[in-house]
Amino acid sequence: NDQSRIVGACAEKGTGKTRLGLTAPGPTLYQSLDDGLEGVIEKFLEGDEANGIEPRDDLFVEQYKWHPGSKDAQDKDGEFNQDYAIELRDKLETDLFYALENGARTIVQDKETDIWELYRYAEFGGPSDAPKDYPALNQRYMAMINSVKAYNVNLILIQGMKEEWVTKRRTKANGQSVDSPGPSGRRVPSGFGRLDELVFAEIMCHREGTEFYFDFYASFDPEFGKCRSNKDLCGERISSRTFAELGTLLIEGSTEEDWK
C-alpha cells in the first residue's frame, strides 16, 4: 500500500493502544515519552511465546525523558529551562526524519499528548501570562506530522485521556449567579486539538476483560471516528488486537499479509 497512513488512537491505560503500535509492520521507530512501557516493549523485543509474540529485530525504541517539573528541566535559578524542551523537541524531529529517510514502515508516537506539551514548552517556555503565538506553533507541529505523507509509512499517534472541564453557572449563598469551571463528568482526548484534520483514521481503543476492540466513534464527539478510505467504518465497533487486522479495514482489499 504505497501511501502514508496517519492513525490517531486515543484510550485509557491498559486498553491495547501500545500493542496496536507494536504489531504494525517494521522497521518501526517507537518514540516514547511514556515511562510506563517497561515489560511491554520487552515482550516484542525478546518475544513472548505464551502470547504468540515473536522476537523482533526491526523495532527501535527511542525514550525521551520529558519531565518538565524535574530538576533536569530547571536552570540555575530554579526556573524552567526552555533549552531543555528545545533540545528534546529537536532530537525527536531528527530521529523521525532519519527513520523516514531510512526505510521505516511504522512510526509510533506515544504519547502524542506529551509531545504536544513538549512543543508548547519548547515554543513558549514554562507557564506564564505572556502572549503566545499559537498559529506559528500549530504550523510547526502540523508540519512535523504531515512530513510523513511523503513516505510509504504508518504514523500511529497515541493520545491519552483527561477529565473535561466546562464552565457552569452556579448560585452563591447570597443569590448571586456566577460562572465557575468544573468537571463535566466526561473523559476526552488530551493532545493537539486539530489532530482530526490530519489523520487518515481515528479510533478509540477499549478493553473488557480479555477482549480488545476499536471504536470508530466516541461519546464525547459525534463527529469522531472518521476513516478517509472506508466511510462505512464510521460508528462501528471492531473486535481486534493487532494493526494488521485494523489495516485490512483501513484499506479495502488489503490482507493481513500486506500489513506484516
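Worth knowing before you read on, the calculation uses all heavy atoms, side chains too, and leaves out hydrogens, waters and symmetry mates.
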- In terms of heavy-atom contacts, Asn230 and Leu249 come closest through ND2-O, 3.2 Å
- Shortest non-hydrogen contact from Lys226 to Arg228? NZ-NH2, 3.1 Å
- Task: Please determine if Arg186 and Glu164 form a salt bridge, counting it only when a charged side-chain N lies under 4.0 Å from a carboxylate O.
- Result: yes
- Check Ile53 against Lys43 and note the closest heavy-atom contact, atom names and distance. CG2-O, 3.5 Å
- Message: Side chains of Glu236 and Tyr217: any donor to acceptor distance under 3.5 Å?
- Response: no
- Message: For the residue pair Glu123 / Tyr134, report whether a side-chain donor-acceptor contact shorter than 3.5 Å exists.
- Response: no
- Sort and list the pairs that fulfil salt bridge (charged side-chain N to carboxylate O under 4.0 Å, His left out) and have at least one residue in residues 203-218, not counting sequence neighbours. Asp215-Arg237
- Please report the closest heavy-atom contact between Thr242 and Phe214, naming both atoms and the distance. O-CE1, 4.2 Å
- Task: Look at the rings of Phe243 and Trp259 and say which category their plane angle falls in: under 30° parallel, 30 to 60° tilted, over 60° perpendicular.
- Result: perpendicular
- Query: With side chains defined as the heavy atoms from C-beta onward, is the minimum distance between Val153 and Arg105 less than 4.5 Å?
  - Reply: no
- Task: List the atom of Pro27, the atom of Gly103, and the distance in Å for their closest heavy-atom pair.
- Result: CD-O, 3.7 Å
- Item | Contacts of Glu12 that satisfy salt bridge (Lys or Arg N to Asp or Glu O under 4.0 Å) - sequence neighbours left out | Arg187
- Message: Any carboxylate oxygen within less than 4.0 angstrom of a Lys/Arg side-chain nitrogen, looking at Glu197 and Arg194?
- Response: yes
- Reference residue Gln159; test side chain to side chain donor-acceptor pair (under 3.5 Å); the match among Glu112, Glu202, Gln109: Glu112
- Leu33 vs Lys111 side-chain heavy atoms within contact, under 4.5 Å: no
- Can you name the nearest heavy-atom pair linking Leu96 to Ser147, along with the distance? CD2-OG, 4.1 Å
- Query: To the nearest 0.5 Å, what is the distance between CG (Leu20) and CG (Asn154)?
  - Reply: 10.0 Å
- Item | Test: Asp179 and Lys172 ion pair at under 4.0 Å | no
- Query: Knowing that exactly one of Trp66, Tyr84, Trp116 qualifies, which makes a ring-ring contact (aromatic ring centres under 6.0 Å, His included) with Tyr121?
  - Reply: Trp66
- Query: Under the criterion side-chain contact (heavy atoms from CB on, under 4.5 Å), which of Thr23, Ile156, Asp58 is the partner of Thr106?
  - Reply: Ile156
- Task: Take Arg56 and Thr28, measure what side chain to side chain donor-acceptor pair (under 3.5 Å) needs, and give me the verdict at the end.
- Result: CA-CA 10 Å; Arg56 292 186 56 177; Thr28 296; 3.0 Å; yes
- Message: Are Phe80 and Gln74 packed together at the side-chain level, in the sense that at least one heavy-atom pair is separated by less than 4.5 angstrom?
- Response: no
